[in-house]
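Read the structure below first, then the notes.
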Amino acid sequence: MNSRLPTFDDVVAASRVLSQVAHRSPVFTSQTLNKRLEAEVFFKCENFQRIGAFKFRGGYNAVANLSAAQRRAGVVAFSSGNHAQAIALASQLLNVAATIVMPHDAPAAKKAATIGYGARVVSYNRHTEDREQVALALVKEQGLTLIPPYDHPDVIAGQGTAVQELLEDVGGLDSLFVPLGGGGLLSGSLLSAHALAPECAVYGVEPQAGNDGQQSLRSGQIVTIAPPNSIADGALTLGLGKLTFPIIKEYARDILTVDDSQLIKAMQFFAERMKMVVEPTGCLGAAAVFNEIAPVRGQRIGVLLSGGNVDLSAYGRFLQTA
Ligand SMILES: *Cc1c(COP(=O)(O)O)cnc(C)c1O
């Protein structure tokens, strides 16, 4: 198992690997918002990244860095969300066979999208089987390489390229707000921010109902929690990673939380004022800024919008919620 802590040099190497395949996603602003907050807010729009989320960056970098023998044998990932799509598309582009372990009752659209990227889907029963055990059995029996969603140096380095681009494009920032699940995106972002904008205060933002990251930072060790309930389905992880936590502990200013109603208001703002679909998890950082959970007035602020993949019928309900 690869357990070396990544550095900013790895982010720079990942940006070369990704330069011809990942989109350099746009940075958008809103004058309405800037006036309201008396601040300058820059949104890095990874909802416009390939597969609709930043996870393409880390997934592609991880598959691209495998040895020739590992690539020949194929990869496996367990996820019903953006990581699955990322590994499926990255593998297709790199001519690697991908197996995705998904619950038997995963949304049909997600399964179809994964198969559409050329991956094989292996189903398991959520009530009687453990997805990690199912994936590990494939590793053992078929020699596949498991690509974890966040706790892997090449995944972290790839995720860090989004904030590297943001800082190259807009220059120095006073603060930066990043959605937080298992911490791959936040730890990669911290490597880039520390190297390119060392004075910038970087905050991770997680759902209030699943504040394991906040508890971990406050107590100095990884705290794991029971499965939380939130519409931020990309951030329902039970604990930070062995690689992501040390980086977060060293460089993050703080970890903040927002609740589901604040996420819904943020989604409505993006739809109405900026004409963008942002998924609930993608709104975590923005919701912290909109509600001024940390100081924002008079600042230059970066906000990472991490993804835009949301079930349309659920999205319709979110937009209609008063
Ligand atoms: C996976 C994901 C996150 C959380 O990323 P981590 O690296 O697990 O912290 C945030 N937003 C979206 C859209 C995601 O898919």
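Atom set for the values below is all heavy atoms of this structure, side chains included, hydrogens, waters and symmetry mates excluded. In each ligand, atom 1 is the first atom listed, and ligand 1 is the first ligand listed.
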Original post:
Is there a path from F43 to L176 through hydrophobic residues (I, L, V, M, F, W, Y) whose side chains come within less than 4.5 Å of each other?
Top reply: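 Each belongs to a different hydrophobic cluster.
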
**OP:** If you link ILVMFWY side chains whenever their heavy atoms are less than 4.5 Å apart, which other residues fall into the same cluster as V63? By chain and number, please.
**Re:** V17, L18, V21, I51, F56, Y60, L66, V75, I87, L89, L93, L94, V96, I100, M102, I115, Y117, V121, I147, V155

Subject >> Salt bridge D254-R218, side-chain N to carboxylate O under 4.0 Å >> reply: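 Judged by the 4.0 Å cut-off on N to carboxylate O distance, D254 and R218 do form a salt bridge.
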
Original post:
Would you say the side chains of N125 and E129 form a donor-acceptor pair under 3.5 Å?
Top reply: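 There is no such pair (donor and acceptor under 3.5 Å, judged by atom type) between the side chains of N125 and E129.
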
List, for ligand 1, each N/O atom that has a protein N/O partner under 3.5 Å away, with both atom names and the distance.
{"unit_1": "ligand 1", "atom_1": "7 (O)", "unit_2": "G184", "atom_2": "N", "d": "2.9"}
{"unit_1": "ligand 1", "atom_1": "7 (O)", "unit_2": "L185", "atom_2": "N", "d": "2.9"}
{"unit_1": "ligand 1", "atom_1": "8 (O)", "unit_2": "G182", "atom_2": "N", "d": "2.9"}
{"unit_1": "ligand 1", "atom_1": "9 (O)", "unit_2": "G181", "atom_2": "N", "d": "2.8"}
{"unit_1": "ligand 1", "atom_1": "9 (O)", "unit_2": "G182", "atom_2": "N", "d": "3.2"}
{"unit_1": "ligand 1", "atom_1": "9 (O)", "unit_2": "G183", "atom_2": "N", "d": "2.7"}
{"unit_1": "ligand 1", "atom_1": "11 (N)", "unit_2": "S306", "atom_2": "OG", "d": "2.6"}
{"unit_1": "ligand 1", "atom_1": "15 (O)", "unit_2": "K55", "atom_2": "NZ", "d": "2.7"}
{"unit_1": "ligand 1", "atom_1": "15 (O)", "unit_2": "N82", "atom_2": "ND2", "d": "2.8"}

Original post:
Less than 6.0 Å separating the ring centroids of F290 and F270?
Top reply: yes

**OP:** Quick one: do E206 and I255 satisfy side chain to side chain contact (heavy atoms under 4.5 Å, CB included)? Show the steps, please.
**Re:** CA-CA 7 Å; E206 62 187 354; I255 294 178; 3.6 Å; yes

